[in-house]
K.L.:
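Please find one structure pasted underneath; my questions will follow.
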Amino acid sequence: MAPKDAVVSLTFPDGSSRQFEAGVTAGDVAASISTSLRKKAISATVDGEHYDLAWPIEQDAAIAIHTMQDEVQANELIRHDLAHIMARAVQEIWPDTKVTIGPVIRDGWYYDFDRAEPFTPEDLGLIEKKMKDIINKRDPVTTEVWDRARAISHYEDLNEPYKVELINGIPGDEPLRMYWHGDWQDLCRGPHLQHTGQVPGDAFKLMSIAGAYWRGDSDRAMLQRIYGVAFTGKEKLRAHLHMLEEAAKRDHRKLGREMDLFHMQEEAPGQVFWHPNGWQIYTELQDYMRRQQRRGGYVEVNTPQVVDRKLWEASGHWEKYQEHMFIVEVDEEHAREKAVNALKPMNCPCHVQIFNQGLKSYRDLPLRMAEFGSCNRYEPSGALHGIMRVRGFTQDDGHIFCSEDQIEEETAVYIDYLSTIYRDLGFEKFRVKFSDRPEKRSGSDAVWDKAEEALLAATRKAGIEPEMNPGEGAFYGPKLEFVLTDAIGRDWQCGTHQVDFVLPERLDATFIGADGNKHRPVMLHRACLGSFERFIGILIEEHAGKLPFWLAPRQVVVASIISDANEYVDEVVRDLRAAGVRAEADTRNEKINYKVREHSVGKVPVILAVGAREVEERTVTVRRLGEKQTAVESLEAVTKTLSRDATPPDLL
RNA sequence: GCUGCUGUAGCUCAGAGGUAGAGCACUCCCUUGGUAAGGGAGAGGUCGAGAGUUCAAUUCUCUCCAGCAGCACCA
């Protein structure tokens, strides 16, 4: 505690500074500037830290006072206060409910409760109503600092075991902050608003109920989590809900049906039945990737689907992932010893087998080996999600066998390679995460130090500062994850790049160095798309089904307006096909309105309408998806344009 | 896998303890129409699977399967 007569110097955003008595609060500071600011103030940033108006400031600092106009801070406070208000509402309605934690998340907050009865969707309405009552009461929000013993005995008296555990988990003997929203109290770091009436009562909504493990640990209690969203005003809430509605229309599962791309069914959960349209996307993408791999200096291989467990034991996958493998046994009556195989869940051990054939020289390195590798994994049922998380998938897999001093260069080259591909596919921006050593892992700490260091250095050298993702690496090495997001903003790891010193050791891969001795290669595991299934799912959602022309499964429909034009329609289709365009005729006995609507819904990028005029003039009327106006062009010109549009970006 | 919810025609959904309905899609007929649904007729369902309660179950109960949201997992 600062001495009583001590002063602190606070510097404002405009650069001016003023002296205050030590222990002054941001609320006092706001009041000293003007009464209107005192009323409008909601919090402050003090030396970069978000401060409650009621917290004392003991040292010289930079200070900025926030009002509801400061969206970032206002949202944080509103959402955080709503978490408390919701918990209070729940305990007022169901007093035997135990509270746990309730953090702010993107667009809102959640709070986890332990209650014997499940919450129902109707309960959400009840809770919301109670929350609005609390907001209308304008109850003061107050805070106190308690010592640990008092806090623990307080929560023991209240029979709130989760809070007791939380306090015990807070390191050191630091004092704990308690907050009151009216009479209702919660352990909380803060900051908060000054009274519940500051929360806009019409700009929040409880969204859903779901299960969540206490402390994220699947061995512990399953709690009930209620999610809410909140904003500074009801217009923003409305816009958010509207955005969610629009995003739902881009869901690849919905578009997959509407565009007749694929389906899935009970008999093969987590596996895709690709329809002609969907398979067209897939093969076009695969052709593109195959060209890229050649450009990138990869050799393409193919390896077996059914492989003896011995190989998976040797690689270490059996031990860690056995229950997630499809086991294949042959029921042969006279077999003395039944072989147990696994459908390959990944390609790396098989690639090492190819590397291990014959002797490899340092002159062969880096050896870049690629496979469109079909894998099967028995993913937990709850993990399955459309074609994004499946049990049967094909990776654009690749392994670079290299020496340690080639890691950096190969990583840099790979990041550049991946960036080009993502750009071609319509992803200008993507996120990169760096995941380091997990708790359960193979290999010594020295090896991990080396691998993490090399990967991080190469990434930074490539001009990328990755987001840190501690403890999330593979069991054999650290990884870079290239993350794309789906329609509603969920993250999906697509590309990956991993450094591995472990597998070459376990599977005894060697090369002969310049010194004539055997050396261990390093393996870089990498995939660009990740899996075709997931990437196509992301592509569909990113483009809302309106894929770039070269990837669109159906590129052009030539539609007749009158049946006398049918012959010419067929001719147009022939010309376009000869020029490498995926064209089809629609000469059904239907009105042009009907045809235009149907193919627009089917996301066909170009409709060429043909009536008496076009037949006469040897033209077509072009209508592009999403555009209202049409243009008349000569058959020759259109064929030329569309032929160019149909050319993949790497071949232009 | 866990918590909660859902499963009726190809799709979107309604329905009720007495064995099923709509719209769109589909088939046929009429219509030759100029840029997002022309008109008429017809066909189409063991109501996810199994068991139980009941005179009677698709409807109620249980188990299983699959899907959805979230959590956990993701080599």
Side-chain angles (χ1 to χ4, degrees), chain A residues 110 112 118-121 207-227 251 253-254 257-258 260 263-270 312 315-325 344-349 375 377-386 388-390 395 397 438 440-442 472-477 479 481 488 490 492-493 496 498 500 502-503 525 530-531 534 559-566 589-602 607-614 621-623 625-630 632:
Chain A
Y110 66 75
D112 287 348
F119 291 115
T120 66
M207 300 296 282
S208 61
I209 310 154
Y213 295 109
W214 169 234
R215 312 215 107 179
D217 184 343
S218 59
D219 292 330
R220 307 202 61 182
M222 174 63 72
L223 307 171
Q224 298 189 64
R225 175 172 296 179
I226 300 178
Y227 285 92
D251 190 307
R253 294 165 295 190
K254 183 176 155 72
R257 219 174 16 248
E258 289 170 1
D260 196 14
H263 85 274
M264 307 179 85
Q265 64 185 53
E266 250 183 72
E267 288 77 1
W312 309 113
S315 69
H317 291 96
W318 187 265
E319 190 195 353
K320 192 164 192 311
Y321 291 111
Q322 191 193 149
E323 66 274 32
H324 297 299
M325 292 190 198
K344 82 171 164 187
M346 36 136 43
N347 308 297
C348 2
C375 297
R377 296 178 185 174
Y378 187 73
E379 300 284 14
S381 58
L384 302 179
H385 182 92
M388 308 261 239
R389 184 80 184 271
V390 284
Q395 297 175 318
D397 205 359
K440 276 183 81 178
R441 59 180 182 263
S442 295
E472 296 296 319
F475 75 88
Y476 50 71
K479 62 180 183 181
E481 295 174 35
I488 64 169
R490 287 177 290 216
W492 295 90
Q493 179 197 314
T496 185
Q498 310 168 5
D500 180 5
V502 173
L503 204 58
H525 304 245
S531 81
R534 175 173 296 179
S560 58
I561 295 168
I562 50 166
S563 52
D564 282 347
N566 288 357
N589 175 14
E590 294 291 351
K591 285 193 166 49
I592 191 65
N593 290 350
Y594 182 89
K595 295 181 183 181
V596 165
R597 176 185 147 76
E598 189 177 281
H599 299 124
S600 299
V601 168
I607 298 171
L608 301 182
V610 167
R613 278 205 307 273
E614 288 81 359
T621 300
V622 185
R623 183 196 164 106
L625 183 58
E627 290 175 13
K628 279 264 182 289
Q629 79 277 24
T630 59
V632 179

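Values reported hereafter were calculated over all heavy atoms of this structure, with side chains retained and with hydrogens, waters and symmetry mates removed. Below, chains carry the letters A, B, ... as their sequence lines are ordered, and counting in each starts from 1.
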K.L.:
For B/G44 versus B/A9, give the span between their P atoms, rounded off to a whole number of Å.
P.N.:
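These two P atoms come out 15 Å apart once rounded.
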K.L.:
Identify the nucleotide, in any strand shown, that forms a Watson-Crick or G-U wobble pair with B/A20, with both distances under 3.5 Å; if there is none, say none.
P.N.:
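Checking every strand shown, B/A20 finds no partner, since no pair has both distances under 3.5 Å.
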K.L.:
Could you work out the separation of B/C11 and B/A25 based on their C1' atoms and round it to a whole Å?
P.N.:
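Those two atoms are separated by 7 Å.
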K.L.:
CZ of A/R623 versus C1' of B/A36: gap in Å, rounded?
P.N.:
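Atom CZ in A/R623 sits about 7 Å away from atom C1' in B/A36.
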K.L.:
If you measure from the P atom in B/G39 to the same atom in B/G50, how many Å do you get, rounded?
P.N.:
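Nearest-Å result for B/G39 against B/G50 at atom P: 41 Å.
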K.L.:
Could you state the atom-to-atom distance from NZ of A/K254 to C1' of B/G67 in whole Å?
P.N.:
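Checked: the NZ to C1' distance equals 16 Å.
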K.L.:
Tell me whether the rings of A/H317 and A/W312 are parallel (<30°), tilted (30 to 60°) or perpendicular (>60°).
P.N.:
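Rings of A/H317 and A/W312: perpendicular, as their planes differ by over 60°.
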K.L.:
For the pair made of NZ in A/K595 and P in B/U35, what is the distance, rounded to whole Å?
P.N.:
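Going from NZ in A/K595 over to P in B/U35 covers 14 Å.
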K.L.:
Starting from C1' on B/C5, measure out to CE on A/M207 and report it in whole angstrom.
P.N.:
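Interatomic distance, CE of A/M207 to C1' of B/C5: 16 Å.
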K.L.:
Rounded to whole angstroms, how far apart are CD1 on A/I226 and C1' on B/C5?
P.N.:
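For the pair A/I226 CD1 and B/C5 C1', the rounded distance is 15 Å.
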K.L.:
When rounded to the nearest Å, what value does the distance between P atoms of B/G48 and B/C29 take?
P.N.:
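Result for the P pair: 36 Å, nearest Å.
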K.L.:
Check this for me: does the side-chain of A/T630 come within 3.5 Å of the base of B/U35 through a donor and an acceptor?
P.N.:
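When only heavy-atom distances are counted, A/T630 does not reach the base of B/U35 through any donor-acceptor pair under 3.5 Å.
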K.L.:
Taking the C1' atom in each of B/U59 and B/U53, what is the distance between them to the nearest angstrom?
P.N.:
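My reading of the C1' atoms in B/U59 and B/U53 gives 13 Å.
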K.L.:
Could you tell me the separation between the CD atom of A/E590 and the P atom of B/C28, rounded to a whole number of Å?
P.N.:
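Whole-Å distance recorded here is 11 Å.
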K.L.:
Considering every strand shown, what is the Watson-Crick or G-U wobble mate of B/A75 when both distances are under 3.5 Å?
P.N.:
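Looking at the geometry, B/A75 pairs with no nucleotide.
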K.L.:
Contact class for A/T621 (heavy atom, under 4.0 Å): base, sugar-phosphate, or nothing?
P.N.:
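Counting heavy atoms under 4.0 Å across all strands, the contact made by A/T621 includes a base.
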K.L.:
Checking A/D397 now: which residues fulfil salt bridge (Lys or Arg N to Asp or Glu O under 4.0 Å) with it, not counting sequence neighbours?
P.N.:
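Not a single residue meets the salt bridge (Lys or Arg N to Asp or Glu O under 4.0 Å) criterion with A/D397.
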K.L.:
Say you pick atom C1' in B/U8 and the same atom in B/A57; how far apart are they, in whole Å?
P.N.:
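14 Å, rounded to whole Å.
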K.L.:
With a 3.5 Å cut-off and no angle check, do the side chains of A/D112 and A/Q224 form a donor-acceptor pair?
P.N.:
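The criterion, which ignores hydrogens and geometry beyond distance, is not satisfied for A/Q224 and A/D112.
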K.L.:
Tell me the partner of B/G44, counting only Watson-Crick (N1-N3 plus N6-O4 or O6-N4) or G-U wobble (N1-O2 and O6-N3) with both under 3.5 Å; none if nothing fits.
P.N.:
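Answer to the pairing question: none, since B/G44 forms no Watson-Crick or G-U pair.
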K.L.:
Please pick, from B/A37, B/A36, B/G4, the nucleotide with the shortest atom-to-atom distance to any side-chain atom of A/Y594.
P.N.:
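When the side chain of A/Y594 is considered, B/A37 is the closest of B/A37, B/A36, B/G4.
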K.L.:
To the nearest angstrom, how far is A/R257 atom CZ from B/C24 atom P?
P.N.:
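For the pair A/R257 CZ and B/C24 P, the rounded distance is 19 Å.
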K.L.:
Please determine, for the side chain of A/I562, which listed nucleotide (B/G34, B/G7, B/U32) has the closest atom?
P.N.:
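For the A/I562 side chain, the nearest candidate turns out to be B/U32.
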K.L.:
Please report the distance separating the P of B/G38 from the corresponding atom of B/G10, rounded so that it comes out in whole Å.
P.N.:
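Those two atoms are separated by 25 Å.
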K.L.:
Paired with B/U61: which nucleotide, if any, by Watson-Crick or G-U wobble criteria at under 3.5 Å for both distances?
P.N.:
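With both distances under 3.5 Å, B/U61 matches B/A51.
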K.L.:
Could you check A/S600 against A/F119 and say which one's nearest nucleotide on RNA chain B is further toward the 5' end?
P.N.:
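Looking at the nearest nucleotide for each, A/F119 comes out on the 5' side.
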K.L.:
How about A/E258: does its CD atom have over 12 heavy atoms from other parts shown lying under 6.0 Å from it?
P.N.:
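For A/E258, atom CD is crowded (more than 12 foreign heavy atoms under 6.0 Å).
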K.L.:
Within the 3.5 Å criterion, strictly below it, is a donor on A/S442 or A/K320 matched to an acceptor on the partner's side chain?
P.N.:
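Judged by distance alone, the side chains do not pair up.
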K.L.:
Could you check how far CE of A/M264 sits from C1' of B/C65, rounded to whole Å?
P.N.:
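Answer to the nearest Å: 15 Å.
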K.L.:
Checking A/T496 against A/Q498: is there a side-chain donor and acceptor pair closer than 3.5 Å?
P.N.:
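Yes, because at least one side-chain N or O of A/Q498 sits under 3.5 Å from a partner of the opposite role on A/T496.
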K.L.:
For a quick check, with a 4.0 angstrom heavy-atom cut-off, what is the B/S/- contact string for nucleotides 68-75 of chain B, read 5' to 3'?
P.N.:
SSBBBBBB
K.L.:
Think A/R441 forms a cation-pi with A/F475, using NZ or CZ under 6.0 Å from the six-ring centre and within 45 degrees of its axis?
P.N.:
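No, a cation-pi geometry is absent between A/R441 and A/F475.
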K.L.:
Do A/R225 and A/Y227 pair up side chain to side chain, a donor and an acceptor below 3.5 Å, judged on atom types alone?
P.N.:
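Looking only at side-chain atoms, A/Y227 and A/R225 do form a donor-acceptor pair, the distance falling under 3.5 Å.
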K.L.:
C1' atom, B/A69 versus B/A75: distance in rounded Å?
P.N.:
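Between the two C1' atoms, the distance is 27 Å.
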K.L.:
Start at the 5' end of RNA chain B and walk down; is the nucleotide closest to A/S563 or to A/V601 reached first?
P.N.:
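The residue closer to the strand's 5' end, by nearest nucleotide, is A/S563.
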K.L.:
Check every strand shown and say whether A/E614 touches a base, only sugar-phosphate, or nothing at a heavy-atom separation below 4.0 Å.
P.N.:
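Result for A/E614 = base.
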K.L.:
Say whether A/Q265 and A/H263, considering side chains only, have a donor N or O and an acceptor N or O under 3.5 Å apart.
P.N.:
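Yes, side-chain donor-acceptor contact under 3.5 Å.
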K.L.:
Could you tell me which nucleotide pairs with B/A25 by Watson-Crick or G-U wobble geometry, both distances under 3.5 Å, or answer none if nothing does?
P.N.:
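Pairing partner: none.
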K.L.:
At under 4.0 Å between heavy atoms, what does A/A559 touch on the DNA or RNA strands: base, sugar-phosphate, or nothing?
P.N.:
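Answer is nothing: A/A559 stays at 4.0 Å or more from every strand.
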K.L.:
Across all strands, who's sitting opposite B/G70 as a Watson-Crick or G-U wobble pair, both distances under 3.5 Å?
P.N.:
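Base partner found: B/C2.
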